[in-house]
Structure formats: structure tokens, C-alpha cells
Amino acid sequence: MAFIDVVRFDGLKSRDWLIYKYPSESLVLGTQLIVQEGQVAIFVKGGTIADLFLPGSYTLSTANLPLLNKIVNLPFGGETPFSAEIYFVNTTIRMNINWGTIDPIQLIDPKYYVKLRIRAFGQMAISVNDVNTLFRTLIGGMQKADLVKFEKIKEYYRGVLVTKVKSVIADEIISNGISALEISARLESLSESVKLKISSEFEKYGFSVKNFFIQSINFPDEDFENINKVLEDKAAFEIMGDGRYATKRSFDVYEGAANNQSGVAGAFAAGGIGLGAAMGMGSAMSQTVGNPIHKEETKQCVSCQKQIPIQAKFCPECGFNNSEKICECGNKIVPGAKFCPECGKKVE
């Protein structure tokens with residue numbers, strides 16, 4: 001069996017590696033160990049971490065392999081052969097780890113009461129901060145894999161990551177009454193909240209979350225259209241007022257019925273309105289819209305009961321003041337009344 005003189009690992013071209021197992025276990029005292037920047041070398045014997053080496057060059061000896069020497073009982077001096085597994089761990093910061101919610105977050109928009117299906121996407125950066133914890137929790141579960149890639153890490157921790165993201169976004173929308181249309185303005189604070197939530201989880205496995213970003217929160221076009229419809233209706237209420245909006249909606253119903261095969265009569269029948277009533281309504285609408293009746297408008301004097309011009313404040317027959325008064329509540333008060341019939345306030 002050939003013994004090696006130099007142990008080193010120059011990484012992979014793709015740079016997509018987290019842990020790399022050196023292919024040979026046949027070593028001798030005096031072997032040169034070279035650990036590159038951004039790496040840590042671990043010596044393992046019998047599944048137990050024996051020694052750990054930070055970046056630098058080392059000549060393996062009983063002096064710098066104290067734990068391994070204790071396990072193997074290496075003789076002092078000479079090129080004594082021994083065997084041990086060597087793992088190189090990538091400690092550089094991995095910046096471009098993308099994540100996304102596979103299935104949507106389903107909730108009711110607290111402002112517009114529309115069911116939404118929200119998805120979130122982003123990027124995060126992690127690095128190894130505890131090699132011992134990483135090796136014990138990760139390599140043990142991977143059955144001594146020779147190469148562990150960052151892509152594998154994403155598969156391992158996608159579940160906890162997505163769960164925390166969903167929890168934070170849903171809590172922000174529901175607890176604070178924020179509409180999904182407004183949530184994009186809070187991406188920075190949301191990102192920080194998720195980072196705090198997941199950091200403790202990743203630390204359990206020897207990782208440190210360097211940064212975390214929610215780049216996009218979106219939902220399907222049909223959900224957006226539902227919100228737009230609510231906004232349009234709300235605008236109509238505010239502009240026209242409740243009464244005028246109800247009238248508009250009535251005309252919308254008649255217009256829709258006219259375009260329907262059953263016609264306007266079908267719409268009246270569906271609404272429980274008899275044909276005679278419908279014809280009467282049509283006649284009234286015709287008189288109001290198309291054939292206005294021109295006649296002199298009058299009112300009755302409260303005192304002498306004579307008909308007087310509607311604009312007259314005083315009766316030309318008896319001189320009584322017939323001008324209308326308006327209560328603070330907005331209700332019209334009949335001349336001569338001492339109290340408002342709506343709110344009961346005394347008339348000054």
C-alpha cells in the first residue's frame with residue numbers, strides 16, 4: 001500500500017461543495033498537510049473527530065496529532081504508518097442560495113376580505129461556524145458521503161426554511177392588518193424577522209445565517225383582479241354615495257338583463273317584481289327621464305292652507321313665515337314645529 005507525502009484539496013471548479021473526503025486513509029508521520037484559506041481539515045478515527053486543522057501548512061507528527069496519538073498510540077519518531085479519514089470542510093460564505101415557497105400561503109386579505117394565494121422567493125447566505133457540530137449532525141446522517149454539496153444542504157433544510165417564511169409573512173399580514181398589496185413595502189423588515197427565526201435553527205447544525213432576503217412576494221393575477229374589483233366598488237361608493245350607487249347598480253342589472261335572452265321581463269321576474277309593477281316603473285322612469293312634466297311648483301301655507309309659490313318664505317294671504325329650517329342632525333323641520341321629529345332637539 002502506497003503512503004502519501006502531501007495531503008491537500010484545491011476545491012472543485014463548480015465551487016459547489018461543503019464537505020470533501022480525501023480519497024486515501026494511508027498516512028505516515030511526516031506527511032505534509034496543506035489546508036487552504038476557507039477550509040478546515042478534520043481527522044477522523046473510528047467515526048470520532050480526532051484532530052482539527054485551520055488554514056496553514058503542517059508536518060504531521062505526534063506533537064500536532066495529540067488526540068489521534070491517544071487513540072492510535074502512535075510511536076514517537078520516524079515515518080510511522082497510520083490510517084485516518086481526512087475531511088475538508090468549506091468555511092467560506094455561500095452567498096447565492098436561492099429559496100422559494102413550493103406551495104402558496106393561503107389566507108384572507110384582512111383589508112379587502114379576498115382569498116389570496118401568496119408565494120415568496122428570495123436568497124440567503126450561510127457559512128459553517130461550528131465544524132464539530134456540522135460533522136456530527138450532518139455527516140453521521142449521510143452515511144459517510146465522500147462529497148456533500150450545498151445543493152444537498154438546501155434539500156435538508158428547505159422544510160424548516162419555508163415553514164418559517166410562511167409563518168412570518170402570514171403573521172405580519174394577519175396580526176397587523178396589512179393588505180397583500182402593501183406587504184411589498186415591508187420586505188426589509190420581513191427579511192430581518194425571518195432571519196432571526198431561522199438563525200437559531202441553522203445554528204443547531206453548525207451553520208451561521210449571514211444574510212437573508214425576501215426578494216418578491218406575489219400572488220396570481222386572478223387574486224389581484226378580485227382586489228381590483230373591490231377597490232372599484234369602494235371608489236364608486238365614495239364618489240356617488242350609497243343612494244346613487246344603488247341606482248347605478250339597478251341600471252347595471254337592467255342593462256345586463258337586456259343583453260340576456262330572457263330580456264328585462266326575466267330580470268323583473270327573477271327579482272320578484274310583477275309585470276304590472278315593472279310597467280309602472282318603466283312609465284315612471286320614462287316620465288322622469290324622457291318626458292318631464294312642466295308645471296308651476298307650489299306648496300301649502302302652514303297657517304291658512306292656501307297654495308303659495310314654493311320659493312315664497314311668507315304667505316301672501318296671511319303673512320305666515322313658511323321658510324324651512326334644518327336641524328343640526330340634517331333633518332328638515334316643518335315650520336311651526338318646536339322639536340325636531342328625527343332627533344328631538346328643541347328648535348331655536
Task: Close side-chain approach of E201 and K164, heavy atoms under 4.5 Å - done: yes

Task: By side-chain hydrogen bond (donor to acceptor under 3.5 Å, both in side chains) - contacts of Q215 (at least two apart) - done: none

Open item on the list: Would you compute the distance between atom CD1 of I169 and atom OG1 of T101 and round it to the nearest 0.5 angstrom?
Closed with: 7.0 Å

Distance-only check: which donor-acceptor pairs under 3.5 Å involve side-chain atoms of residues 38-48, not counting sequence neighbours?
from : atom 1 : to  : atom 2 : distance (Å)
Q39  : OE1    : Q36 : N      : 3.2
Q39  : NE2    : F9  : O      : 2.9
K45  : NZ     : S83 : O      : 3.0
K45  : NZ     : S83 : OG     : 2.8

Open item on the list: Grouping I, L, V, M, F, W and Y whenever their side-chain heavy atoms are under 4.5 Å apart, do L67 and V89 come out in a common cluster?
Closed with: no

- [ ] For the residue pair T59 and Q32, confirm or rule out a side-chain donor-acceptor distance under 3.5 Å.
- [x] yes

Open item on the list: Using a 4.5 Å cut-off between side-chain heavy atoms of Ile, Leu, Val, Met, Phe, Trp and Tyr, which other residues end up in the same hydrophobic cluster as I93?
Closed with: M95

- [ ] Please list all pairs passing the salt bridge (Lys or Arg N to Asp or Glu O under 4.0 Å) test where one or both residues lie in residues 88-108, with sequence neighbours left out.
- [x] D16-R94, D103-K166

- [ ] Please tell me if the side chains of I34 and S57 come closer than 4.5 Å, counting only heavy atoms from C-beta onward.
- [x] yes

TODO: Kindly compute the distance separating OH (Y20) from CD1 (I86), expressed to the nearest 0.5 Å.
DONE: 11.0 Å

Open item on the list: Please tell me whether M124 and V162 are part of a single hydrophobic cluster in this structure, the criterion being side-chain heavy atoms less than 4.5 Å apart.
Closed with: no

Task: Check: L33 and R8 side chains under 4.5 Å, non-hydrogen atoms - done: no

TODO: Could you walk me through whether L18 and K149 pass side-chain contact (heavy atoms from CB on, under 4.5 Å), step by step?
DONE: CA-CA 5 Å; L18 176 63; K149 296 185 177 182; over 6 Å; no

Open item on the list: Could you tell me if the side chain of L187 sits less than 4.5 Å from the side chain of I217, heavy atoms only?
Closed with: yes

Open item on the list: Applying ring pair (Phe, Tyr, Trp, His ring centres under 6.0 Å), can you list everything that pairs with F213, at least two apart in sequence or on another chain?
Closed with: none

Task: Verdict with supporting geometry, R119 and I105, side-chain contact (heavy atoms from CB on, under 4.5 Å) - done: CA-CA 6 Å; R119 283 185 166 85; I105 310 167; over 6 Å; no

Open item on the list: Can you tell me how the ring of Y87 sits relative to the ring of F135, calling it parallel under 30°, perpendicular over 60° and tilted otherwise?
Closed with: perpendicular

Open item on the list: What I'd like to find out is whether the side chain of I126 reaches to under 4.5 Å of the side chain of I97, using heavy atoms alone.
Closed with: yes

Open item on the list: Applying a strict under-4.5 Å side-chain criterion to I, L, V, M, F, W and Y, I'd like to know whether V209 and L196 cluster together.
Closed with: no

- [ ] For the pair I19 and L134, evaluate side-chain contact (heavy atoms from CB on, under 4.5 Å) and give the outcome as yes or no after the intermediate values.
- [x] CA-CA 10 Å; I19 298 176; L134 174 71; 4.0 Å; yes

Open item on the list: For Y58 and F53, take the angle between the two ring planes, folded into 0 to 90°, and tell me which bin it lands in: parallel under 30, tilted 30 to 60, perpendicular over 60.
Closed with: perpendicular

TODO: Supply the atom-to-atom distance S127 OG to N90 CG, rounded to the nearest 0.5 angstrom.
DONE: 9.5 Å

Task: Check: S167 side chain, T163 main-chain N or O, donor-acceptor pair, under 3.5 Å - done: no

- [ ] Take atom CD of E37 as the centre, draw a 6.0 Å sphere, and report whether it contains more than 12 heavy atoms from other residues, nucleotides or ligands.
- [x] no

Task: Any side-chain heavy-atom pair of S179 and P110 under 4.5 Å - done: no

Task: From K306 atom NZ to T298 atom OG1, the distance as rounded to the nearest 0.5 Å - done: 13.0 Å

Open item on the list: Assess the residue pair F212 and W99 against the criterion (ring pair (Phe, Tyr, Trp, His ring centres under 6.0 Å)); give the C-alpha distance rounded to whole Å, side-chain angles, the decisive distance to 0.1 Å, and a yes or no.
Closed with: CA-CA 10 Å; F212 183 90; W99 61 267; 5.1 Å; yes

Task: Euclidean distance, I183 CD1 relative to I178 CD1, rounded to 0.5 Å - done: 5.0 Å

Open item on the list: Give me the atom names and distance for the closest heavy-atom approach of P66 to A63.
Closed with: CD-O, 3.8 Å

- [ ] Using a 4.5 Å cut-off on heavy atoms from C-beta on, say whether the side chain of L60 contacts that of L68.
- [x] no

Task: K197 vs V168 side-chain heavy atoms within contact, under 4.5 Å - done: yes

TODO: With sequence neighbours excluded, give me every ring-ring contact (aromatic ring centres under 6.0 Å, His included) pair touching residues 168-188.
DONE: none

Open item on the list: If hydrophobic clusters are built by linking Ile, Leu, Val, Met, Phe, Trp and Tyr wherever their side-chain heavy atoms come under 4.5 Å apart, do F121 and L116 end up in the same one?
Closed with: no

Task: Worked verdict on V148 versus W17 for side-chain contact (heavy atoms from CB on, under 4.5 Å) - done: CA-CA 6 Å; V148 179; W17 70 280; over 6 Å; no

- [ ] To the nearest 0.5 Å, tell me how far D130 CG sits from K204 NZ.
- [x] 14.5 Å

Open item on the list: Strictly distance-based, threshold 3.5 Å: is any side-chain N or O of S208 a donor or acceptor partner for the main-chain N or O of K210?
Closed with: no

Open item on the list: Give me the atom names and distance for the closest heavy-atom approach of A120 to V165.
Closed with: CB-CG1, 4.3 Å

TODO: Classify the side-chain pair D5/T31 by whether it contains a donor and acceptor separated by less than 3.5 Å.
DONE: no

TODO: Determine the minimum heavy-atom distance between I308 and P316, stating which atoms define it.
DONE: CG2-CD, 3.5 Å

